[in-house]
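Letters A, B, ... mirror the listed sequences (proteins, then strands); counts begin at 1. From a predicted model like this one, the values you see are computed outputs, not experimental measurements.
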There are 2 protein chains.
Amino acid sequence: MAESGSQSSESLLFLTDEQLRRGIEAMFFAYRGFTADPDRILEQHAYGRAHHRALHFVARYPGTTVNNLLDILGVTKQSLNRVLRALVDDGLVDSRVGTRDKRERNLYLTQSGTALEQELSDAQRSRMRAAYRAAGPEAVAGFRNVLEAMMDPEMRKHFSDSKEPAR
Amino acid sequence: MAESGSQSSESLLFLTDEQLRRGIEAMFFAYRGFTADPDRILEQHAYGRAHHRALHFVARYPGTTVNNLLDILGVTKQSLNRVLRALVDDGLVDSRVGTRDKRERNLYLTQSGTALEQELSDAQRSRMRAAYRAAGPEAVAGFRNVLEAMMDPEMRKHFSDSKEPAR
DNA sequence: CATTTTATGTCAGTGTTGTTGACATTCCAA
DNA sequence: TTGGAATGTCAACAACACTGACATAAAATG
């Protein structure tokens, strides 16, 4: 991938504290933009980012268990449970007792859950698409490579597995 | 900047929802990694991310005013005030009545404030540097371009101005 | 000079999201 | 049958955001 430039990695990778600081601030400001659109939608439904994250990963892994979500989201079960309960009570998430292991709950989005997840997802994808277009194709690969390198290693599996999952 | 690839932008910028979803998850997981190291340090000092952000931008703009910080951080004055008061009370930030305009407060880091900010900054820069090194120089430019395009336009000024500020 | 606006600080109340700790239930597995 | 895993729930608490209201000082404006 890449390495199409004329200069070697070493000569370009002299990183001043100033350059790193700019990268840090870019993450800060960009993450605000990244969450801004979904936040506005969530507000209308009296939900927060925690609900968005739950909806996202239930949509991503239909039938996932609570424990799997806990691992991905990195919060306590009490915290996740509060959020999931609200979504289940409101009829956005269906929590079915596991067939193989009846202690587990398999989580699915209902029709209205799918609808909200789509609405949130569309908004977030729209901004991501615009940013990708503005930055250009090479930037997209670089963006993802830096982000992946910035993750905690344990999290990388959630990101790396199923490179292009069954579609 | 870039465009050194052999394919045109258009052919590479066919973005599937799947690719966009991966970008979204990359942001989510990477931001967690991005804040993980400072969070651990802050915990020991009974501070949170809000304190880190305040320290960062006071260090970045010594003598800045409360109003300017409010604009950058995008929180309410009550929220910022709580954080600033703690930092001032603990002797990490010096709040001096403005000379030109006495309504304003000019904010500076004290010696111990500088020390903590350095500690936090070092940790965060260290991870950023590692990510940059792992991803390579082309990735760095792409990373920053995508992030900048993802920001809300109003925020871009805080990021773009003083490209390489007086050093 | 009087009035208004601006910058800041503060108090009270509320909501979301996270945390610990404790305890109950269900059920797989040794 | 006992132990432990998976889940759910209750209570309490903390960080960090919010709104609304009010106070003070000083600049700006008429």
Side-chain angles (χ1 to χ4, degrees), chain A residues 28 31-32 35-36 38-58 63-90 93-107 120, chain B residues 28 31-32 35-36 38-58 63-90 93-108:
Chain A
F28 171 65
Y31 199 79
R32 280 243 298 273
T35 57
D39 281 353
R40 272 186 286 271
I41 296 169
L42 290 160
E43 210 174 19
Q44 300 165 357
H45 297 256
Y47 289 137
R49 273 183 212 174
H51 301 88
H52 183 191
R53 292 195 280 265
L55 286 174
H56 174 97
F57 285 106
V58 172
T64 186
T65 63
V66 173
N67 244 13
N68 187 39
L69 271 190
L70 287 178
D71 189 34
I72 291 175
L73 297 174
V75 297
T76 59
K77 64 173 180 173
Q78 293 91 332
S79 194
L80 175 58
N81 191 256
R82 195 196 306 121
V83 168
L84 275 181
R85 203 189 324 158
L87 294 173
V88 169
D89 289 352
D90 295 351
V93 167
D94 191 11
S95 173
R96 302 181 204 159
V97 172
T99 48
R100 202 197 53 198
D101 185 335
K102 290 178 187 169
R103 290 168 303 180
E104 296 182 342
R105 300 293 181 278
N106 294 118
L107 305 169
L120 293 165
Chain B
F28 171 65
Y31 199 80
R32 280 244 297 274
T35 57
D39 282 354
R40 272 187 286 271
I41 296 169
L42 289 160
E43 209 175 19
Q44 300 165 358
H45 297 257
Y47 289 138
R49 275 184 210 172
H51 302 87
H52 183 190
R53 292 195 280 265
L55 287 173
H56 175 97
F57 285 105
V58 171
T64 187
T65 64
V66 172
N67 247 7
N68 186 39
L69 273 189
L70 287 177
D71 190 34
I72 292 174
L73 298 174
V75 296
T76 59
K77 63 173 180 174
Q78 294 91 330
S79 195
L80 175 58
N81 191 255
R82 192 198 313 120
V83 168
L84 274 182
R85 203 191 321 162
L87 293 173
V88 169
D89 288 353
D90 295 350
V93 167
D94 191 9
S95 173
R96 302 181 205 159
V97 171
T99 50
R100 203 197 52 196
D101 186 333
K102 290 177 187 169
R103 290 170 305 181
E104 296 182 340
R105 300 290 183 280
N106 294 118
L107 305 169
Y108 301 89

So does A:H51 get a side-chain nitrogen or oxygen closer than 4.0 Å to the phosphate oxygens (OP1/OP2) of C:dT17?
yes

Per B:R85 side chain, nearest of listed nucleotides C:dT10, C:dG18, D:dA26
C:dT10

Contact class for A:R82 (heavy atom, under 4.0 Å): base, sugar-phosphate, or nothing?
base

Of all heavy-atom pairs linking B:L69 and B:L80, the shortest is CB-CD2, 3.8 Å

Under 4.0 Å between a side-chain N/O of B:R53 and OP1 or OP2 of D:dA17, yes or no?
yes

Is it the case that D:dA25 (base atoms only) and B:R103 (side chain only) share a donor and an acceptor within less than 3.5 Å, ignoring hydrogens and angles?
no

Using the six-membered ring wherever Trp is involved, compare the ring planes of A:H52 and A:H56 and label them parallel, tilted or perpendicular (cut-offs 30° and 60°).
perpendicular

Indicate, yes or no, whether a donor-acceptor pair under 3.5 Å links the base of C:dG13 to the side chain of B:Q78.
no

From the options C:dT26, C:dT19, C:dG9, select the nucleotide whose nearest atom is closest to the side chain of B:N81.
C:dG9

So, is A:T76 near the phosphate of C:dT19, with a side-chain N or O under 4.0 Å from OP1 or OP2?
yes

Donor-acceptor pair present, B:K77 side chain and C:dT8 base, under 3.5 Å
yes

Less than 4.0 angstrom between a side-chain N/O of A:N67 and OP1 or OP2 of D:dT7, yes or no?
yes

